[in-house]
Every structure is written in structure tokens, then in C-alpha cells.
Visitor: 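I am attaching a structure below and will ask some questions about it afterwards.
Below, each value reflects all heavy atoms present in this structure, side chains not excepted, and no hydrogens, waters or symmetry copies.
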Amino acid sequence: MALHIVLVEPEIPANTGNIARTCAATGIHLHLVRPLGFRTDDATMKRAGLDYWYAVHIEYHDSFQEVEEKYAGSRFFFATTKADKRYTDFQFQDGDFFVFGKETKGLAPEILAAHPETVMRMPMTDKVRSLNLSNSAAIIVYEALRQLDFPGMQ
């Protein structure tokens, strides 16, 4: 099994490239939900992922519903600034999915409303609206990996 990052309609290629590099370094599977705000051969995205693309398990999906159907029975956690619970309030398990929305709008309200028990936020001051997408993904997946005692990692 493995942990999973799902990016729903990502817009900035460098963020996706950075997340792909994190996935390569940790063995986490990456799921990209269309439409993407860039081409997958974008030089910025490739540069951000460096030469680690060969080590990324990546899947493309046409909708978030497609991801949920394909991985029915899995646990999904949703990152948003609109949650009461912090990401550290959850006990993560191998096989969990961490879902992130597009950089400019986050996850659609209907996705969040359908999963109120597993929406989570990262604490921050009121000086900014949100953290960078790739930073947010790294923070959450490294907490999950810490809880799992960094399986398969040195």
C-alpha cells in the first residue's frame, strides 16, 4: 500500500512539479484531476520535479468522482482553510488519500460538504489567506509518514 496525494485541477506547474518531487522522495502516489491549468510537458513543471519523474507513480483522472469510485473504501482527507480540525487531529493510516484543490479557489464546496468529518486545516496567522500548495502537501504527508514511522525510508 501507499499514501496518495490528489491534486484537483492544479493550476501552477511549479507546484505540481514540487509535489511530484516530494512523491518521488517518499513513495507517495500522485493523482492529477483534470482539467489541469498547464500542459504536462511544461518546462517549469519538469524543472521543479528535476530528474525524478521516473520515480513518481502518477495517475490522471477526469474528475474527483472518478478517483473516489476507483478507490472506493479508501479514506480521503481534504485540505482547506475552511475546516475546524487541524491536520494533527487525525490518525492517518497506510493507504490514505490527501486531497488538495486548485491554488486560486481550493476545493469545491460540494466536495467539502460531502466529507465534513475529514476536512482539515493547517494553523496559520490571519496575515495570509493560505499556504503554498506544495508546502501544504509536504506538511501533511510528512505528518502522516511520521505517524507511520516513515515506512520504507531511511
Side-chain angles (χ1 to χ4, degrees), residues 2-40 42-50 52-53 55-56 58-61 63-65 67-68 74-151 153:
L3 295 172
H4 302 260
I5 293 176
V6 180
L7 302 181
V8 179
E9 301 178 11
E11 300 168 310
I12 301 173
N15 284 334
T16 300
N18 287 336
I19 292 168
R21 185 174 180 180
T22 297
C23 290
T26 59
I28 291 173
H29 294 194
L30 179 60
H31 302 262
L32 299 180
V33 177
R34 297 179 187 103
L36 307 179
F38 49 85
R39 293 173 25 157
T40 55
D42 182 277
T44 306
M45 185 176 89
K46 289 194 182 282
R47 189 176 319 111
L50 295 175
Y52 301 115
W53 287 99
V56 180
I58 188 167
E59 291 183 38
Y60 295 89
H61 307 275
S63 68
F64 178 67
Q65 181 180 358
V67 178
E68 285 185 302
S74 296
R75 297 183 344 149
F76 290 85
F77 295 88
F78 302 85
T80 178
T81 59
K82 302 163 186 71
D84 293 326
K85 290 183 181 177
R86 297 176 297 187
Y87 71 101
T88 54
D89 294 334
F90 293 92
Q91 192 64 37
F92 301 119
Q93 301 172 7
D94 195 14
D96 284 347
F97 285 71
F98 302 103
V99 184
F100 299 86
K102 61 175 76 177
E103 288 90 341
T104 57
K105 296 183 181 179
L107 289 165
E110 56 272 12
I111 291 175
L112 297 174
H115 306 278
E117 66 286 350
T118 55
V119 295
M120 59 187 175
R121 65 178 172 81
M122 284 160 278
M124 63 185 126
T125 69
D126 61 358
K127 306 283 189 266
V128 297
R129 288 184 308 278
S130 63
L131 292 170
N132 172 274
L133 178 63
S134 61
N135 291 338
S136 297
I139 289 167
I140 290 175
V141 299
Y142 264 91
E143 171 60 16
L145 290 166
R146 184 196 65 79
Q147 289 181 17
L148 298 169
D149 199 25
F150 301 100
M153 300 169 70

Visitor: Starting from the C-alpha separation in whole Å, work towards a yes-or-no answer on ring-ring contact (aromatic ring centres under 6.0 Å, His included) for Tyr87 and Phe98.
Guide: CA-CA 10 Å; Tyr87 71 101; Phe98 302 103; 9.8 Å; no
Visitor: For the CD atom of Glu59 and the NE2 atom of His4, what is their distance to the nearest 0.5 Å?
Guide: 8.0 Å
Visitor: Going from CG on Asn132 to CD1 on Ile19, what distance comes out if it is rounded to the nearest 0.5 angstrom?
Guide: 8.0 Å
Visitor: The test is side chain to side chain contact (heavy atoms under 4.5 Å, CB included); show your working for Met124 and Thr81 and say whether it passes.
Guide: CA-CA 9 Å; Met124 63 185 126; Thr81 59; 3.9 Å; yes
Visitor: Could you tell me which residues satisfy side-chain hydrogen bond (donor to acceptor under 3.5 Å, both in side chains) with Thr125, sequence neighbours excluded, listed by chain and number?
Guide: none
Visitor: Is the closest side-chain heavy-atom distance between Leu133 and Ile12 below 4.5 Å?
Guide: no
Visitor: Using atom types as modelled and distance alone, determine if a side-chain donor or acceptor of Asn18 lies under 3.5 Å from a backbone N or O of Asn15.
Guide: no
Visitor: Taking side chain as C-beta onward, heavy atoms only, is Ile140 less than 4.5 Å from Met122?
Guide: yes
Visitor: Could you tell me which residues satisfy ring pair (Phe, Tyr, Trp, His ring centres under 6.0 Å) with Phe90, sequence neighbours excluded, listed by chain and number?
Guide: Phe77
Visitor: Would you check if Leu131 and Ile139 make a side-chain contact, meaning some heavy-atom pair closer than 4.5 Å?
Guide: yes
Visitor: Kindly write out the residues that satisfy ring pair (Phe, Tyr, Trp, His ring centres under 6.0 Å) with Phe100, not counting sequence neighbours, or none if the list is empty.
Guide: none
Visitor: In Å, rounded to the nearest 0.5 Å, how long is the span from NE2 of His29 to CZ of Phe97?
Guide: 9.0 Å
Visitor: How long is the gap from CG on Leu107 to NZ on Lys102, to the nearest 0.5 Å?
Guide: 10.5 Å
Visitor: Under the ring pair (Phe, Tyr, Trp, His ring centres under 6.0 Å) test, which residues partner His61, sequence neighbours left out?
Guide: His31
Visitor: Working to the nearest 0.5 Å, report the span between CD1 of Ile5 and CG of Leu32.
Guide: 10.0 Å
Visitor: If you take all heavy atoms of Thr22 and Thr26, which pair is closest and at what distance?
Guide: O-OG1, 2.7 Å
Visitor: Counting only heavy atoms not in Gln147, do more than 12 fall under 6.0 Å of its CD?
Guide: yes
Visitor: Quick one: pull up NZ in Lys105 and OG in Ser130 and give me the separation to the nearest 0.5 Å.
Guide: 14.5 Å
Visitor: Looking at residues at least two apart in the chain, or sitting in another chain, which of them share a salt bridge (charged side-chain N to carboxylate O under 4.0 Å, His left out) with Glu143?
Guide: Arg146
Visitor: Is there a side chain to side chain contact (heavy atoms under 4.5 Å, CB included) between Leu148 and Leu3 once you walk through the steps?
Guide: CA-CA 10 Å; Leu148 298 169; Leu3 295 172; 4.1 Å; yes
Visitor: Looking only at heavy atoms, which two atoms of Phe76 and Thr118 are closest? And how far apart?
Guide: O-OG1, 2.9 Å
Visitor: Has Asp89 got more than 12 heavy atoms of other residues, nucleotides or ligands less than 6.0 Å from its CG?
Guide: yes
Visitor: Can you list the residues that meet the side-chain hydrogen bond (donor to acceptor under 3.5 Å, both in side chains) rule with Arg86, with sequence neighbours excluded?
Guide: none
Visitor: Please answer whether the main-chain N or O of Ala83 pairs with a side-chain N or O of Arg121 as donor and acceptor at a distance below 3.5 Å.
Guide: yes
Visitor: If you compare all heavy atoms of Gln91 against all heavy atoms of Arg75, which two are closest, and at what distance to 0.1 Å?
Guide: O-NH2, 2.8 Å
Visitor: Taking all heavy atoms of Ala20 and all of Val56, pick out the closest pair and write down the distance.
Guide: O-CG2, 3.3 Å
Visitor: Given the rule in the side chain to side chain contact (heavy atoms under 4.5 Å, CB included) test, do Leu145 and Ile28 qualify, once you have shown the distances and angles that lead to the verdict?
Guide: CA-CA 10 Å; Leu145 290 166; Ile28 291 173; 4.2 Å; yes
Visitor: Just by distance, do the side chain of Glu103 and the backbone of Glu11 share a donor-acceptor pair under 3.5 Å?
Guide: yes
Visitor: Side chains of Cys23 and Arg21: does their closest heavy-atom pair fall under 4.5 Å?
Guide: no
